[in-house]
Protein chains: 2
Amino acid sequence: MATQTAADRRSAERDAYDAYLAACPTRNLLDRISDKWVTLLLCALQDGPRRYNELSRKLAGISQKMLTQTLRTLERDGLVTREVTPSVPVRVDYALTPLGTSLRATVEQLKLWAEANMDHVYLARAGYDARNESHQD
Amino acid sequence: MATQTAADRRSAERDAYDAYLAACPTRNLLDRISDKWVTLLLCALQDGPRRYNELSRKLAGISQKMLTQTLRTLERDGLVTREVTPSVPVRVDYALTPLGTSLRATVEQLKLWAEANMDHVYLARAGYDARNESHQD
DNA sequence: CAGTATCCAACTAGATACTG
DNA sequence: CAGTATCTAGTTGGATACTG
């Protein structure tokens, strides 16, 4: 009994943060990093520093607002660095921090998974829709 | 020249889907799976089938609407199965498909990353905010 | 138990125009 | 070049009430 309790306590301490809990701050962090722009930006920075306009071109269709906003959040959270070279015109380079690199490894899997399983998902949707349309009558 | 072109073509074929492109359907899929409820649900199903109310309790604070909606999307995309046992009251079990299991492996890393690096992110934010408040004057 | 249906406040994010 | 500022259409998701 005492053993059980001690084990439980140890386990609780190790898992101080638990995203299943609504009040846990990791719930918010998980929400932030679960974002397509975050994923694409971190991936776009994997081969070294990139300039603002390079990122803008690479992430086709992203608005200036979302690009700047996402980069600022990533910078504040310690995932990317922002280096300004005060030339004329000014040059700004974004790069991954070690923390950002550690997250990039994971979100890249997400991007690769989507690209690898798109066809599989298409098939699943077609099957689901076919099954559910036949229930209509 | 011919070699170059052939290599380009091969590369283009391998990367038929590219989430960097706005019009690519994987951009949408990436957006769908980049969702905290998707992550938490897939993780909650990792140890086997779970009933609707079990999931509701495990994902503290999720509304019925989001739970049902997310489960339906996951089912349609072929990531989870929904099994109805027509008892009274009815019993419904959700479980991961092989495709869902493959995605779960990745999103679990996301959840673990958030839980493991929360403190690091807190520190980064404090540093960023301190640096930027001192710029105010 | 496992949902469905509806309403709506709040947040999101694109478009647009402007700047050091 | 690398942003900022503003406006708003559209979406999201929680709350609430109801059902087989």
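Chain letters run A, B, ... following the sequence lines, proteins first, then strands; residues in each count from 1.
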>> Closer than 3.5 angstrom, by distance alone: can the side chain of A/Thr97 be matched with the main-chain N or O of A/Gly78 as a donor-acceptor pair?
In response: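 Present.
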> To the nearest 10 degrees, what angle separates the axes at the start and end of the helix from C/dC1-D/dG20 to C/dG20-D/dC1, five pairs each?
Replying inline: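 One end's axis against the other's: 60°.
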>> The criterion is side-chain hydrogen bond (donor to acceptor under 3.5 Å, both in side chains); which residues satisfy it with B/Gln46, sequence neighbours excluded?
In response: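 Partners of B/Gln46 under the side-chain hydrogen bond (donor to acceptor under 3.5 Å, both in side chains) test: B/Arg104.
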>> The criterion is side-chain hydrogen bond (donor to acceptor under 3.5 Å, both in side chains); which residues satisfy it with A/Arg91, sequence neighbours excluded?
In response: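 Partners of A/Arg91 under the side-chain hydrogen bond (donor to acceptor under 3.5 Å, both in side chains) test: A/Asp93.
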Taking the side chain as C-beta and beyond, is there a heavy-atom pair between [X] and [Y] under 4.5 Å?
X        : Y        : answer
B/Val107 : B/Ile33  : no
B/Thr106 : A/Leu112 : no
A/Lys58  : A/Leu40  : no
A/Leu123 : A/Asp119 : no

In this structure, would [X] and [Y] fall into the same cluster of hydrophobic residues linked by side-chain contacts under 4.5 Å?
X        : Y       : value
B/Val121 : A/Leu21 : no
B/Ile62  : B/Val92 : yes
A/Val80  : A/Val90 : yes

> Taking DNA chain D as the partner, which of residues 70-86 of chain A come within under 4.0 angstrom of it by heavy atom?
Replying inline: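 Those residues are A/Arg72, A/Arg82.
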> Of all of residues 43-57 of chain A, which get a heavy atom below 4.0 angstrom from DNA chain D, listed by number?
Replying inline: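 Going residue by residue through residues 43-57 of chain A, the ones with a heavy atom under 4.0 Å of DNA chain D turn out to be A/Arg51, A/Tyr52, A/Asn53.
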>> Using whole Å, what does the distance between atom P of nucleotide D/dA2 and atom CG of A/Leu67 come to?
In response: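 Taking atom P of D/dA2 as the reference, CG of A/Leu67 is at 10 Å.
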>> Tell me the closest heavy-atom pair linking A/Tyr20 and A/Arg27, and the distance in Å.
In response: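 Answer, listing the atom of A/Tyr20 first, then A/Arg27: O-NH2, 2.8 Å.
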> So which heavy atom on A/Asp35 is nearest to which on B/Ser34, and how close?
Replying inline: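 Of all heavy-atom pairs spanning A/Asp35 and B/Ser34, the closest is N-CB, 3.7 Å.
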>> For D/dC1 and A/Tyr94 - does any side-chain N or O of the residue sit under 4.0 Å from the phosphate oxygens OP1/OP2?
In response: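 For A/Tyr94, the contact criterion (side-chain N or O under 4.0 Å from OP1 or OP2 of D/dC1) is not met.
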> A/Tyr94 pairs by side-chain hydrogen bond (donor to acceptor under 3.5 Å, both in side chains) with which of A/Arg82, A/Glu54, A/Arg51?
Replying inline: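 The single option meeting the side-chain hydrogen bond (donor to acceptor under 3.5 Å, both in side chains) with A/Tyr94 is A/Arg82.
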> Where along nucleotides 7-20 of chain C does protein come under 4.0 Å, by heavy atom, of base (B) or sugar-phosphate alone (S), with - for untouched nucleotides?
Replying inline: B-----BB--B---
